[in-house]
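One structure below.
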Amino acid sequence: MIPKTFKEVIDLGDGREISIETGKLAKQAHGSVVVQSGKCMLLCTLVSNYKQSDVDFLPLTVDYREKFAAAGRYPGGFFKREARPSDGEVLTMRLVDRVLRPLFPKDYHAETQIMIQLMSHDEDVMPDAMAGLAASAAIQLSDAPFECPISEVRVGRVNGELIINPTRAQLENSDIDMMIGASADSVMMVEGEMDEISEEEMTEAIKFAHEHIKKQCEAQVKLAEAFGKKETREYDGEREDETLQQKIHEMAYDKVYAVAKAGSSKKERSTAFGEIKEEITNSFSEEEREDFGDLISKYYSKAEKAAVRDLTLNEGLRLDGRKTDEIRPIWCEVDYLPSTHGSSIFTRGETQALATATLGTSREANQIDMPSFEGEETFYLHYNFPPFSTGEARPIRGTSRREIGHGNLAQRALKGMIPEDCPYTVRVVSEILESNGSSSMATVCAGTMALMDAGVKIKKPVSGIAMGLISDADSGKYAVLSDILGDEDHLGDMDFKVTGTEDGITACQMDIKVKGLSYEILIKALKQAREGRLHILGKLTETIEAPREEVKGHAPKMITRRIANEFIGALIGPGGKVIQELQKETGTEIVINEDPVTEEGIVEILGTDQEGIDKVMAKIDSITFKPEKGSVYEVKVIKILDFGAVVEYVDAPGNEVLLHISELAWERTNNVTDVVNMGDVIDVKYFGVDPKTRKEKVSRKALLPRPPREDKKRENNNEK
């Protein structure tokens, strides 16, 4: 017997719908829901342990996976089983996690796992846009403590019209691709890429998304009520001691305020804060430290946060002595690494990125193989964040989710500036060597310079800046911070990163931690970010004003040629013999792809030696050579026969044709060698295919003056 199900339908306003259903699948999970739009179906489950973990944070895991069976496909590779998550799946996990995590109680530390699975795929529905809705709906159906429902949507804009959850086809023609996460009351997360839009246009898109999110939050509430809203579970929260908290606040606040106001470096500041904390801790007896050690540390951190925030709100000063809109000192350098195709260093305060750019053929394109999307990237960026960049030693266990997310943000910031006719596959790698505030934005700046140093003709340089916000709801005071430090990241109410050219925004990432942030403050923050971006952009262009005219001598040069489909086989040769020998002889790399529309061959020639490239070009010219009827060509005699000479076109070696003995001269020729010999270079006229012999015909005598007697004989024949 099929169990009873409960369902709510959300109207997207253009004939499309999203349904959320529960009661049929995964009933042993604490909350489970199926979200469907078209043929796309996501199953989301939530399980949260009833026992608190012995940690001082929420051990939350958000896992998003796409099953290949959902698209009727097999996993690629040798092992026919889904394995580690792809970058695309990791990015979706991050998008959901960033909105959910702040809404769990701060003292809730139970192991919590949210699993979202794509079970059925629809080419016209992008599943990541529904992952946040699925996760929140599953939580609402459980007894886990959670502040309020949320949802996430994607916004696109085609021909000036904003679209909610656009299809991938629509997205290709869109100048906005933004994911917005929000509750019914507050926007909490924004991430996306744009085609140089203004701050006002970005805000308009966020407002548009929020109106749709409100409807999706309402549907979750209705579903939970119909299903039977569960009582929120009771749990053992963190113990509190208001007297101890007040005591530590009084002991720490003024001292922390004084250190914060001194405008010291990260190391000096950390040492000073550590000494204050140690002094306070030591003021308690050994028994008290044993009983209240965790509370002492917790309350000190609260006092430190309060003092630093108050310094900024009351005096407009920051930890390193800057004003709220001041950018840290910047220095840049390009062409630092002698063997790379392009390199740069970008240093802003205590954050430093070393970027490299590498040029290759389409063979080096990044292949994307997901159930929901197959394709390739000819521009991609990788970001590495080693522990030494923050003065730490810790195990390295592969690429982290953070590294994938930061790299993707920088890639989205830059990719729109790569021209469509760029012949190369381009890979940028950012190595973070120091970090104290927004290494992802340092990556954007370093990446821009590395591309220009490599000679990639980017449309415009791009810069990025990380911004922060400190606000006090009671007093109404707030401060927007430009170029935030690492410490300002976690103590502020908003962390947002904005990248762009001088003409507009190309990418953004926002995490808003304060409820009900007004759009007026948001626009002010974006405007202040623009001023900072332009300041940083000026520093970049002082270092390298424009892309280099040519790639470096040791960097590969790329030539692209199109050839008719009929010549592809001749260029490759039997078993690849021709192309392999040509690559070996010329020191080049040759890649041949077929245009899916015209079926022409697209030949990419990559090499550091121009002479080698020229040889390949000559070989292609030779293979694709087609003489034109009536044209004159220079040929070389390569073989003597009794009935003529085999000649080769000088400009197209390998292309041979028979020059018949009767076409050598007007007078009768008894022996071919009476007129031409091996190695002779002569001119011939091309007559096309002879209808009688069905062979190509060329003539030497057609270019020679006709003897008089031949003319006389013709006259006599005409008279007769």
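Small disclaimer: the values here were computed from a predicted structure and weren't measured. Note: hydrogens, waters and symmetry copies are ignored here, and every other heavy atom, side chains too, is used.
The distance from atom CZ of Arg348 to atom OG of Ser439, rounded to the nearest 0.5 Å, is 8.5 Å. The distance from the CD1 atom of Ile536 to the OG1 atom of Thr541 is 12.0 Å, given to the nearest 0.5 Å. Separating the CG atom in Asp122 from the CZ atom in Arg168 is a distance of 12.0 Å, to the nearest 0.5 Å. Here the straight-line distance linking atom OH of Tyr424 with atom NZ of Lys557 works out to 7.5 Å at 0.5 Å rounding. Distance CE/Met467 to NZ/Lys497: 12.0 Å, rounded to 0.5 Å. To the nearest 0.5 Å, atom CG of residue Asp483 and atom CZ of residue Arg328 are 4.0 Å apart.
A donor-acceptor pair under 3.5 Å is formed between the side chain of Asn565 and the backbone N or O of Glu599. Side chain of Ser343 to backbone of Thr340: no donor-acceptor contact under 3.5 angstrom is found. Gln411 places no side-chain N or O within 3.5 Å of a backbone atom of Tyr380 that could act as its donor or acceptor partner. A donor-acceptor pair under 3.5 Å links the side-chain atoms of Glu82 to the main chain of Phe68, judged by distance alone. Using modelled atom types, no side-chain atom of Glu66 and backbone atom of Glu89 make a donor-acceptor pair closer than 3.5 Å. Remark: the backbone N or O of Thr501 is paired with a side-chain donor or acceptor of Arg533 at under 3.5 angstrom. No donor-acceptor pair closer than 3.5 Å links the side chain of Ser435 to the backbone N or O of Thr390.
Other residues, nucleotides and ligands place more than 12 heavy atoms under 6.0 Å from the CD atom of Glu566. Remark: Glu392 CD is packed, more than 12 non-hydrogen atoms of other residues, nucleotides or ligands lying under 6.0 Å away. More than 12 heavy atoms of other residues, nucleotides or ligands shown are found within 6.0 angstrom of NZ on Lys459. The number of heavy-atom neighbours closer than 6.0 Å to NZ of Lys701, taken from other residues, nucleotides and ligands shown, is above 12. Few gaps surround NZ on Lys80; more than 12 heavy atoms of other groups in view lie less than 6.0 Å from it. The number of heavy-atom neighbours closer than 6.0 Å to CZ of Arg394, taken from other residues, nucleotides and ligands shown, is above 12. Residue-environment remark: NZ (Lys552) exceeds the threshold of 12 foreign heavy atoms within 6.0 Å. Residue Glu611 qualifies as open at atom CD: its count of foreign heavy atoms under 6.0 Å is 12 or below.
At least one side-chain heavy atom of Glu193 sits under 4.5 Å from a side-chain heavy atom of Lys415. Glu376 has its side chain out of reach of Thr425: every pair of non-hydrogen atoms, C-beta onward, lies at least 4.5 Å apart. With a 4.5 Å cut-off on side-chain heavy atoms, Glu648 and Pro653 count as touching. Within the 4.5 Å cutoff, the side chain of Thr448 has no heavy atoms near those of the Phe346 side chain. Counting heavy atoms from C-beta on, the side chains of Met179 and Leu91 never come closer than 4.5 Å. Ile327 is listed as a side-chain neighbour of Ile465, based on a closest heavy-atom distance under 4.5 Å. Side-chain contact check for Ser362 versus Thr378: every heavy-atom pair is 4.5 Å or farther apart. Side-chain contact between Ile620 and Ile605: present, with at least one pair of heavy atoms (C-beta onward) separated by less than 4.5 Å.
For the residue pair Asn655 and Ser622, a side-chain donor N or O sits within less than 3.5 Å of a side-chain acceptor on the partner. Side-chain contact, Ser344 with Asp453: no donor N or O sits under 3.5 Å from an acceptor N or O.
Contact detail for Leu537 and Glu502: the closest heavy-atom pair is CD2-N, 3.8 Å. Shortest non-hydrogen contact noted between Arg65 and Arg84 is NH1-C, 4.4 Å. Across all non-hydrogen atoms, the minimal contact from Met126 to Pro166 is SD-O, 3.8 Å. Shortest non-hydrogen contact noted between Ile613 and Thr588 is N-CG2, 4.0 Å. Closest non-hydrogen pair, Ala507 versus Arg412, comes out as CB-C, 4.2 Å. Heavy atoms only, all atoms of each residue included: Ile432 and Glu434 are closest at CG2-O, 3.4 Å.
Taking the six-membered ring where tryptophan is involved, the planes of Phe625 and Tyr649 are tilted, since the angle between them lies from 30° to 60°. Classification of the Tyr383-Phe385 ring pair by plane angle, with boundaries at 30° and 60°, yields parallel.
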Checklist entry - Given Val672 and Leu641, is the side chain to side chain contact (heavy atoms under 4.5 Å, CB included) satisfied, shown in steps? => result CA-CA 7 Å; Val672 174; Leu641 304 173; over 6 Å; no

Checklist entry - Under the side chain to side chain contact (heavy atoms under 4.5 Å, CB included) criterion, do Lys539 and Thr543 qualify, and how do the steps go? => result CA-CA 7 Å; Lys539 296 294 184 181; Thr543 305; 5.8 Å; no

Next on the checklist: Run Lys460 and Glu196 through salt bridge (charged side-chain N to carboxylate O under 4.0 Å, His left out) and show every step you take.
Outcome noted: CA-CA 11 Å; Lys460 300 170 191 174; Glu196 298 181 278; 2.9 Å; yes

Item to check | side chain to side chain contact (heavy atoms under 4.5 Å, CB included) between Ile590 and Leu582, worked out | outcome: CA-CA 9 Å; Ile590 305 169; Leu582 190 58; 3.8 Å; yes

Next on the checklist: Checking Arg363 against Glu589 for the salt bridge (charged side-chain N to carboxylate O under 4.0 Å, His left out) test, could you report, in this order, the C-alpha distance in whole Å, the side-chain angles of both residues, the deciding distance, and whether it holds?
Outcome noted: CA-CA 10 Å; Arg363 191 175 289 158; Glu589 183 178 353; 3.3 Å; yes

Next on the checklist: Set out, in order, the CA-CA distance, both residues' side-chain angles and the distance that settles side chain to side chain contact (heavy atoms under 4.5 Å, CB included) for Phe379 and Val428, then state yes or no.
Outcome noted: CA-CA 8 Å; Phe379 170 73; Val428 172; 3.8 Å; yes

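At a threshold of 4.0 Å, the pair Glu201-Arg157 counts as salt-bridged, since one of the basic side-chain nitrogens sits closer than that to a carboxylate oxygen. Checked for salt-bridge contact, Arg561 and Asp621 meet the test: a charged N lies under 4.0 Å from a carboxylate O. Contact check on Glu374 versus Arg73 returns a salt bridge, with a Lys/Arg side-chain nitrogen under 4.0 Å from an Asp/Glu carboxylate oxygen. Salt-bridge annotation for Glu364 and Arg427: absent, with no side-chain N of the basic residue lying under 4.0 Å from a carboxylate O of the acidic one. Ionic pairing of Asp421 and Lys457 is not present here: no N-O contact between side-chain nitrogen and carboxylate oxygen is shorter than 4.0 angstrom.
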Sequence neighbours excluded and cut-off under 3.5 Å, please list the side-chain donor-acceptor pairs for residues 351-359, or say none.
residue : atom : partner : partner atom : Å
Thr351  : OG1  : Asn436  : N            : 2.9
Thr351  : OG1  : Asn436  : O            : 3.2
Thr351  : OG1  : Gly437  : O            : 3.0
Gln352  : NE2  : Thr347  : OG1          : 2.9

Without placing hydrogens or testing angles, list every side-chain donor-acceptor pair under 3.5 Å for residues 676-688, not counting sequence neighbours.
residue : atom : partner : partner atom : Å
Asp680  : OD2  : Asn677  : N            : 2.7
Tyr686  : OH   : Glu696  : OE2          : 2.8

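With Thr399 as the partner, the side chain to side chain contact (heavy atoms under 4.5 Å, CB included) test is satisfied by one option alone out of Arg401, Glu403, Arg397: Glu403.
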